[in-house]
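Proteins come first, then strands; the chains are lettered A, B, ... in the order of their sequence lines, and each starts at number 1. If you're wondering where the values come from, they're calculated on a predicted model, not measured in any experiment.
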Amino acid sequence: MPTSNDATPTELDVRIWRGGEDGAYAHYRVPFRESQTVLDVVTFVQRHLDSTLSYRFACRVGMCGSCAMTVNGAPRWTCRTHVSKVAEDGVITIGPLRNLPVIKDLACDMTEFFEKWQRAKGRFSPTRSRREPFERISPETPKRKAVDAGIECINCGVCYSACEVVSLRRDYLGPAALNRAWTLVNDTRDAEHDARIAAVSGDAGCHNCHSHQSCVDHCPKQLSPTASIAGLKRASVGAAWRRLTGR
Amino acid sequence: MSPTALYVAQRGTAAILLPLVLGHVALILYAVGDGLSAGEILARTRGSTFWGLYYGLFVVAAAVHAAIGVRSVLGDWTRLSRTALDRVALGFGLLLLLLGSRALVGIL
Ligand code: SF4
Ligand code: SF4
Ligand code: FES
C-alpha cells in the first residue's frame, strides 16, 4: 500500500463506479507501481480485469481535459494525479464527475457543459476579416493580462463538478463557461461584447455565483473562475450604466 | 428587476449598512456602558432629525438587503419561478419595512 510507513506497497484497493446513475461501486485489486497515475489505474482495470469498463482520456499529459473523474470525493484530472498523492491507506474510490449525467461507468454526458459555453457566448467573434492585417495587442495591457489569467482552461469540467451552485441551479452557466466569457470580454478584437455581457448576466448567469471558490480550489490549471466571474459582475454593472446613460 | 439591478441594490445597501451597523453597535455599547435608562435614551432620540434619518436609512437599507438575500437563498434551494421569487422577496422586504418603521416611530 502506498502509505509512508509501508516500505513494500504491493496492491491498491480500487473502487470504481459501474453502470449509469443507479450503478454501484465495484472492487478491483490493482498492483501498485511507482509514479502511477489514477488514469493508469483505470487503464489497468480496463486492460487486465474488465474490458467493459468505460472511461475517457486522450492526451495523458494534461492538455485535452477529457480524463476528469471524481477521485476520493474530489474532482481531478486523472492523468496528472498521482496515486501516491490521493490514495488513503491504499484505497482509491473513482467515480464519474458530479453535476453531469452519467452515461456509463466513468463517462459523463458533457453536452450541457459545452452547451453552456455556447449560451455564455464562449466563442470568438472577429471584427476583422482575413484580408485585413492582424491587430497588434501588447501583452502588457491590463485587458490582455486579464485574458492571460483565464485562457489556459482545458475544458475539463472539474470546476463545474466542484461548483455547489451548479448542483442547486441546473441552469447556472457555471465557472468554466463564465471564465471563458470573461477572457472574451477582455479580447479587444471581439465584436460581441454587449451581447456577451447580456448573455452572462441573466437569470442563469454570473450573479448566481457565491464566490466561495470551490472552482479555484479544484481547477487543475490553477485558474480563478471566481475572479473572472467577479469581473463579469463588474462589467455587467458598467454595461447597465452605459445603457441607462446612453453612452 | 434584472439580476444586475438586484446585485447593485444588494451591494449598495451592504455598503450603506456597514457603517450604520458599526455606529449602531458603538451606540449600544456606549448607552449600556454609561448605564443610560430607556427614558434617557428616548430623551436623546425624540425629535432628533439626525437619529430619525440614521435609523430611517438603516431600516430601508436592511429591508432591501435582506429581501434580496432571501430571494437568492430561495432561488438556490427551491424551484420557485422568477415571479414567485420576486413576490416573496417583495413581501418579505415590506414586512421588514413595516416592523422597522414601527420601531422607528417608537424612538422618534
Ligand atoms: S466561486 Fe462561483 S463558480 Fe466557483 S464554485 Fe463557487 S459558486 Fe461556483
Ligand atoms: S477552469 Fe479549470 S477546472 Fe474549469 S474547465 Fe477550465 S481548466 Fe478545468
Ligand atoms: S488525458 Fe488529456 S488531460 Fe488527462
**Q** Please determine, among Ser201(A), Ser167(A), Ala240(A), the option with the most heavy-atom pairs under 4.5 Å with chain B.
**A**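 Option with the top pair count is Ser201(A).
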**Q** Is it true that, when you exclude Arg87(B) itself, more than 12 heavy atoms of the residues, nucleotides or ligands shown sit nearer than 6.0 Å to its CZ?
**A**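 No.
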**Q** Can you confirm whether Asp109(A) is buried at CG, in the sense that more than 12 heavy atoms of other residues, nucleotides or ligands lie under 6.0 Å from that atom?
**A**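 Counting other residues, nucleotides and ligands, CG of Asp109(A) exceeds 12 neighbours.
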**Q** To the nearest 0.5 Å, how far apart are NE2 in His207(A) and CD in Gln10(B)?
**A**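 Going from NE2 on His207(A) over to CD on Gln10(B), the span is 11.5 Å.
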**Q** Just do the side-chain contact (heavy atoms from CB on, under 4.5 Å) check on Val237(A) and Arg11(B) with the steps written out, would you?
**A** CA-CA 11 Å; Val237(A) 175; Arg11(B) 294 299 161 105; over 6 Å; no
**Q** Quick check: are there more than 12 heavy atoms from other residues, nucleotides or ligands sitting under 6.0 Å from CZ of Arg170(A)?
**A**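 Enclosed: over 12 neighbouring heavy atoms sit under 6.0 Å from CZ of Arg170(A).
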**Q** Measure distances from Thr4(B) to the heavy atoms of chain A and classify the residue's part below 4.5 Å as side chain, backbone, both or neither.
**A**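 For Thr4(B), the contact with chain A is made by backbone and side chain together.
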**Q** Can you measure from OH (Tyr7(B)) to SG (Cys206(A)) and round to the nearest 0.5 angstrom?
**A**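 Answer for the OH-SG pair, Tyr7(B) versus Cys206(A), is 8.0 Å.
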